[in-house]
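Scroll down for the structure; my scribbles are underneath it.
Only a predicted model underlies this, so the values are computations on that prediction, with no experimental measurement involved.
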Amino acid sequence: MAEPTLIVPPSGAVTAHCFRLRPGDQLMPSLKQAASIILDRIPREQCGSAFVITAVGSLHDVTLRLANASKMDGDEHEGNDIKRYGNKRFELVSLTGTFSRDDGCHVHISLADAEGVAVGGHLIDGVIFTTCELVLGTADGVEFAREMDDETGYKELEVRQLLPRSETSTWSKVSKVLLAVAVMGIACGRCRSR
């Protein structure tokens with residue numbers, strides 16, 4: 001198993017963005033639209049990440065992709081099962097996911113039916129039955145991107161730390177000073193060796 005390469009995970013101050021979806025709204029397109037609007041209001045160099053903090057509500061006509069296979073299983077006829085629950089109503093038990101500026105997203109949902117039986121998977125879509133109260137978050141200085149992962153066969157999340165302009169210029173100045181000190185040290189060392 002490969003050693004992890006991430007030493008200090010990217011981090012930043014979190015801002016909450018709260019809204020409500022109404023009966024008949026489609027959950028997945030609404031989430032993507034909200035994340036896009038939120039990220040468009042924030043300068044690109046300040047933030048490039050959005051994520052679900054919490055959600056509560058009810059849905060019907062839900063479509064999920066179930067975790068039945070991966071692209072790496074080797075059988076080209078095998079795939080993730082897509083299941084539609086057309087005439088069922090559900091309570092939204094859990095919603096989690098990430099959104100990036102390039103319209104990439106990865107959203108999972110857990111639902112409970114009228115008897116409390118839970119089902120969950122990758123959210124394809126669902127229609128709001130009564131309400132959906134949502135809080136999306138953004139993290140200053142953090143960017144989410146999606147890049148092809150040869151190991152999984154999918155575009156997977158890449159998390160990057162964005163440095164504010166002031167830090168970028170500070171680090172640029174510091175690196176120039178260190179370079180100058182190093183050059184002077186080398187020059188002084190050569191002078192002494194003569």
Side-chain angles (χ1 to χ4, degrees), residues 10 12 14-71 79-114 116-149 152-160 162:
V14 173
T15 301
H17 309 268
C18 313
F19 58 101
R20 176 185 171 223
L21 300 178
R22 301 191 175 277
D25 288 345
Q26 291 186 282
L27 181 56
M28 195 60 181
S30 297
L31 284 170
K32 287 180 176 181
Q33 180 183 37
S36 178
I37 289 169
I38 290 165
L39 288 172
D40 284 347
R41 293 188 327 198
I42 303 169
R44 187 171 283 276
E45 63 276 359
Q46 182 181 335
C47 175
S49 62
F51 48 90
V52 178
I53 293 176
T54 191
V56 65
S58 62
L59 301 168
H60 67 98
D61 195 11
V62 175
T63 305
L64 303 177
R65 187 178 78 219
L66 305 176
N68 226 17
S70 76
K71 288 187 177 182
N80 297 91
D81 287 345
I82 305 290
K83 184 153 185 180
R84 183 174 178 207
Y85 301 88
N87 294 319
K88 277 188 112 168
R89 295 177 183 164
F90 294 96
E91 285 294 319
L92 195 162
V93 177
S94 175
L95 183 71
T96 186
T98 57
F99 304 86
S100 54
R101 285 190 183 271
D102 62 4
D103 291 328
C105 66
H106 191 180
V107 180
H108 285 202
I109 192 167
S110 293
L111 304 162
D113 67 13
V117 176
V119 64
H122 185 93
L123 177 64
I124 303 295
D125 205 4
V127 179
I128 306 306
F129 178 58
T130 58
T131 191
C132 186
E133 302 159 9
L134 287 147
V135 181
L136 295 186
T138 53
D140 290 345
V142 177
E143 177 183 47
F144 292 164
R146 304 245 168 237
E147 294 183 7
M148 183 54 72
D149 183 322
T152 66
Y154 290 97
K155 283 189 168 185
E156 301 289 2
L157 182 67
E158 285 287 328
V159 184
R160 300 180 185 126
L162 300 172

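With sequence neighbours excluded, the residues that form a side chain to side chain contact (heavy atoms under 4.5 Å, CB included) with H60 are R89, V127, F129. F144 pairs by the ring-ring contact (aromatic ring centres under 6.0 Å, His included) definition with nothing, not counting sequence neighbours. For Q46, the side chain to side chain donor-acceptor pair (under 3.5 Å) criterion is met by no residue, not counting sequence neighbours. Residues satisfying the salt bridge (charged side-chain N to carboxylate O under 4.0 Å, His left out) criterion with E91, sequence neighbours excluded, are absent altogether. Listed by chain and residue number, D113 satisfy the salt bridge (charged side-chain N to carboxylate O under 4.0 Å, His left out) test with K88 (two or more places apart in sequence, or in another chain).
Ring-plane geometry between H122 and H106 is classed as tilted, the angle between the planes lying from 30 to 60 degrees on a 0 to 90 degree scale.
Annotation: side chain of V119 is not in contact with side chain of V62 (no heavy-atom distance under 4.5 Å). Between C132 and L92, some side-chain heavy-atom pair lies under the 4.5 Å cut-off. No side-chain heavy atom of S49 sits under 4.5 Å from any side-chain heavy atom of T98.
With hydrogens and angles disregarded, no donor-acceptor distance shorter than 3.5 Å links the side chain of R160 to the backbone of P10. In terms of modelled atom types and a separation under 3.5 Å, the side chain of S36 and the main chain of K32 share no donor-acceptor contact. Of the possible donor and acceptor atoms, none in the side chain of D125 sits under 3.5 Å from a partner among the backbone N and O of T63. S94 places no side-chain N or O within 3.5 Å of a backbone atom of S110 that could act as its donor or acceptor partner.
Annotation: Q33, atom CD; neighbour count of heavy atoms from other residues, nucleotides and ligands within 6.0 Å does not exceed 12.
Sorted by first and then second residue, the ring pair (Phe, Tyr, Trp, His ring centres under 6.0 Å) pairs with a member in residues 16-55 form an empty list; sequence neighbours excluded.
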